[in-house]
Amino acid sequence: MSAHSRPNLPQREAIRYLDGPLLVLAGAGSGKTRVITEKIAHLIEACGLSPGNIAAITFTNKAAREMQERVSRLLAGKSTRGLTISTFHSLGVRILREEVDALGYRPNFSILDATDCFAIVSELAGSADKATIRRLQALISQWKSSLVSPDEARGIARGEYEVLAAEVFANYAATLRAYQAVDFDDLIVLPVALFEKQPALRDKWQNRLRYLLIDEYQDTNVSQYRLLHLLAGPRAAFTAVGDDDQAIYGWRGADVANLRGLPRDYPNLKIIKLEQNYRSTVRILKAANALIAHNEKLFDKKLWSDLGHGEPITVRCCADQEKEAEAVVMKLQAHRFEHRGAFRDYAILYRGNFQARAIERFLRDQRVPYLLSGGQSFFEKTEIKDITSYLRLLTNPEDDPAFLRAVGAPRRGVGSSTLRALGAYAGERHRSLFAAAGEQGFAQRVQAGQLSPLREFCEFIECLRQRACREPAAQVLSALLDAISYEAWLLAQDEMRVARSKWANVREFCDWLGRKGDEERKTLFELTQSIALIGMIDQQDTEIDAVRLSTLHAAKGLEFRHVFLIGVEEGVLPHREAAAENRIEEERRLLYVGITRAQRSLHLSYAEKRKQGREVIPCQASRFIAEMGRENLRFANENSTTVPDRAASAERLSALRAMLAGQTR
DNA sequence: GCACTTTATGTTTTT
DNA sequence: CATAAAGTGC
């Protein structure tokens, strides 16, 4: 999109409209981010609103950071101090921290990630298999984000499974309380509960955040909508920007009904549609429109573009996933050569993270630089979780999940049976594991040989805790790593290469903590609390010239000159489970999001055979390909550009690479 | 009872 | 291929 030109008419209207609540229905690539950023600038410059009175809510930290940068650029040096641009969850943390007394939590509460919560649910559900626990966890999360309490869940639970789930839910909530811990859902749910119970606090925040802007509104869930509603208050000074065709988080409790509910809850709601697309060629938009026309529509809108027809969209059928990966990398190289493009102009998008593996292998073989976004977050890597568990335990000794992890990494003579005994004792006495380990009563239950390593561990933590109150975060961390000989343990545990990469991650984490500690003058305790919310993507350098690999979900909000969309097969996109549960529309929107990421060219591919475990499963093209309209697509055979023989094709790629190397010099 | 080695197993999407 | 449960030496 051309950021230099003036905003078009509806964009200008959306930026300037301040007479009441506003919903901007912004199609893909229609400049919604621009509306939000320029509106923030407008509020500050033209309306004289203090940055501290404005809050913009995004869905990812990355989007928040980008938006912050764009606003700073727009205001050209003028201070944005106090301006809130954050995710719903980060805002939730801020509210929780400030109002922690009113909530009955201690200020050192822990934030648990999905893995910790999984372990808790697993513990409470007894002997259930992994899939069941995941379903339980999902259902509990669904309830929480819909503002259903454990008691209410008991009331609405139907059937054996849901009754069990409601029971687990109640125990789960009590467990979190006991741990002085909150999960991701609580970051929204607790502020909502707080504001509903204490109008004075609600008013305080309403007064502080006098204008709200919400991005990706179609992906809000009930609790987020409720929080927005409470924050906006009777003045209802807000702008919500969304696109019902891009709602792809239904599985997480997001409900497009929140879009429909807006005109109902705010009768004076103004609706502005942005229908001109500044991103893609006509052909790409025609295919996207044709596809999405198969969905039941909430709001009518027609995207158009004046960027010309452009390259035809290609569809390629490949023998299997390997061949697909090879063909895509080949095509990408050839295309880049032909167009004299940069690697960073290309993105390869897919439904599930596992699909990146095959592609990665070929990219690495061919020495194509790439950046993998999504997937496992940096802070979820085992080595980082080990270390952050220590930090969490230092911050909050009640954090039993952190205790359990830290006490076993590295091994220190405290095994599963000692921990079982400790857990049982702590449960009876309503103590945290950490506190229980220090009690006389527990000492009488176990042998001295079992007790001493445990006591030593607790003393070590206590000693470090003292230091953490006085010394800078990075210093405490390096003392910690030293004391537990973490590097040596990694080397003993893993193979050399793995250990070194893990240690490098730990070092990177140290640097990060040191930087944060210096720049933002935050204490170890404050830093520890925010870790769970940060993803690795935030750290990645977006300036690097590399091909982007991303899931369709993680690609939302981004754009690329050339897009390769792989695995457009029945069973993958739409996903098998989703198809079975009649959730086709969301899968269709997911592809729609993928298609509309492309500015200039789009290349779809699928495989006829897919390896699943040991079995080879025959596949067919996704139904969505037909829905895009044959007249908008050009079908190609794998064989027309790819040589079936691996050696020969590798040779071809090498030749091409040599050619490219010569070209760039 | 603890720690380490082997073997089966299985993958939607994320704050 | 990377993680998790079961098996083996100490």
Side-chain angles (χ1 to χ4, degrees), chain A residues 57-64 86-93 111-115 117 119 122 129-131 134 138 141 145 182-188 216 219-221 223-224 247-254 349-358 360-361 373-377 379-382 408-421 446-447 449-450 453-454 489 492-495 498 530 532-538 550-556 567 571-581 583 586-587 589-591 593-594 610-615:
Chain A
I57 312 293
T58 61
F59 260 78
T60 62
N61 293 302
K62 189 171 155 195
S86 75
T87 62
F88 261 113
H89 292 87
S90 302
L91 179 64
V93 174
I111 301 170
L112 303 187
D113 67 21
T115 319
C117 299
S122 164
D129 59 300
K130 243 173 114 174
R134 278 174 67 150
S141 173
S145 58
V182 300
D183 64 13
F184 285 141
D185 296 318
D186 285 327
L187 297 177
I188 316 295
E216 310 282 9
D219 286 324
T220 52
N221 60 36
S223 63
Q224 288 165 332
I248 54 175
Y249 284 98
W251 53 273
R252 205 170 77 178
L349 308 180
Y350 36 83
R351 173 70 232 255
N353 281 304
F354 67 96
Q355 294 176 61
R357 293 228 163 268
E360 256 188 292
R361 257 200 31 228
S373 73
Q376 198 187 30
S377 136
F379 293 93
E380 268 165 14
K381 291 175 186 292
T382 49
R411 300 263 99 117
R412 46 166 57 79
V414 180
S416 54
S417 67
T418 309
L419 290 174
R420 237 198 327 274
V446 292
Q447 294 162 4
Q450 285 178 48
L454 193 56
W489 188 64
Q493 283 282 119
D494 303 293
E495 189 183 331
V498 180
S530 50
L533 294 179
I534 313 166
M536 168 150 97
I537 310 131
D538 306 325
S550 169
T551 62
L552 289 164
H553 283 90
K556 192 167 74 156
V572 177
L573 185 68
H575 190 270
R576 228 183 77 247
E577 309 272 311
E581 291 168 36
R583 282 162 28 219
E586 183 155 309
E587 298 291 305
R589 289 192 292 266
L590 200 47
L591 178 56
V593 166
R610 208 155 60 81
K611 268 199 293 233
Q612 196 175 48
R614 289 174 218 84
E615 281 168 309

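Here the structure is a predicted model, which is why all the values come from computation and not from measurement. In what follows, chains carry the letters A, B, and so on, assigned in the order in which the sequence lines appear, proteins first and then strands, with residues in each chain numbered from 1.
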_Can you work out whether Gln450(A) or Trp489(A) has the more 5'-proximal nearest nucleotide on DNA chain B?_
Gln450(A)

[X], nearest nucleotide to its side chain (from [options]):
X: Trp251(A); options: dC2(B), dA3(B), dT13(B); value: dT13(B)
X: Arg411(A); options: dA3(B), dT15(B), dT14(B); value: dA3(B)
X: Phe354(A); options: dT14(B), dT11(B), dG1(B); value: dT11(B)

If you compare every side-chain N and O of [X] against the phosphate oxygens of [N] (OP1, OP2), does one of them come in below 4.0 Å?
X: Ser417(A); N: dC2(B); answer: yes
X: Thr382(A); N: dT3(C); answer: no
X: Asn353(A); N: dT13(B); answer: yes

Round to a whole Å and report the spacing from [atom1] of [X] to [atom2] of [N].
X: Asp219(A); N: dT14(B); atom1: CG; atom2: C1'; value: 11 Å
X: Gln493(A); N: dC2(B); atom1: CD; atom2: C1'; value: 14 Å
X: Glu577(A); N: dT11(B); atom1: CD; atom2: P; value: 10 Å
X: Lys381(A); N: dA2(C); atom1: NZ; atom2: P; value: 10 Å
X: Glu586(A); N: dT14(B); atom1: CD; atom2: P; value: 13 Å
X: His89(A); N: dT14(B); atom1: NE2; atom2: C1'; value: 9 Å

Classify [X] by what it touches in the nucleic acid, base, sugar-phosphate, or nothing, heavy-atom distance under 4.0 Å.
X: Ser416(A); value: sugar-phosphate
X: Arg589(A); value: nothing
X: Arg252(A); value: base
X: Phe88(A); value: nothing
X: Val414(A); value: sugar-phosphate

*Nucleotide-resolved protein contact map, nucleotides 4-10 of chain C, B/S/- at heavy-atom distance under 4.0 Å*: -------

*Taking only residues two or more places apart in sequence or in another chain, which ones pass salt bridge (Lys or Arg N to Asp or Glu O under 4.0 Å) with Arg412(A)?*
none

_Holding to salt bridge (Lys or Arg N to Asp or Glu O under 4.0 Å), I want the full list of residues that pass it with Glu577(A), two or more places apart in sequence or in another chain._
none

*Return the minimal non-hydrogen interatomic distance between Ala63(A) and Thr58(A), and the atom names on each side.*
CB-CB, 4.0 Å

Please identify each residue that fulfils side-chain hydrogen bond (donor to acceptor under 3.5 Å, both in side chains) with [X], with sequence neighbours left out.
X: Glu216(A); result: Lys32(A), Gln218(A), Lys556(A)
X: Glu587(A); result: Arg351(A)
X: Glu586(A); result: none

*asked:* I need the single residue from Ser223(A), Ser141(A), Ser145(A) that forms a side-chain hydrogen bond (donor to acceptor under 3.5 Å, both in side chains) with Asp185(A). Which is it?
replied: Ser141(A)

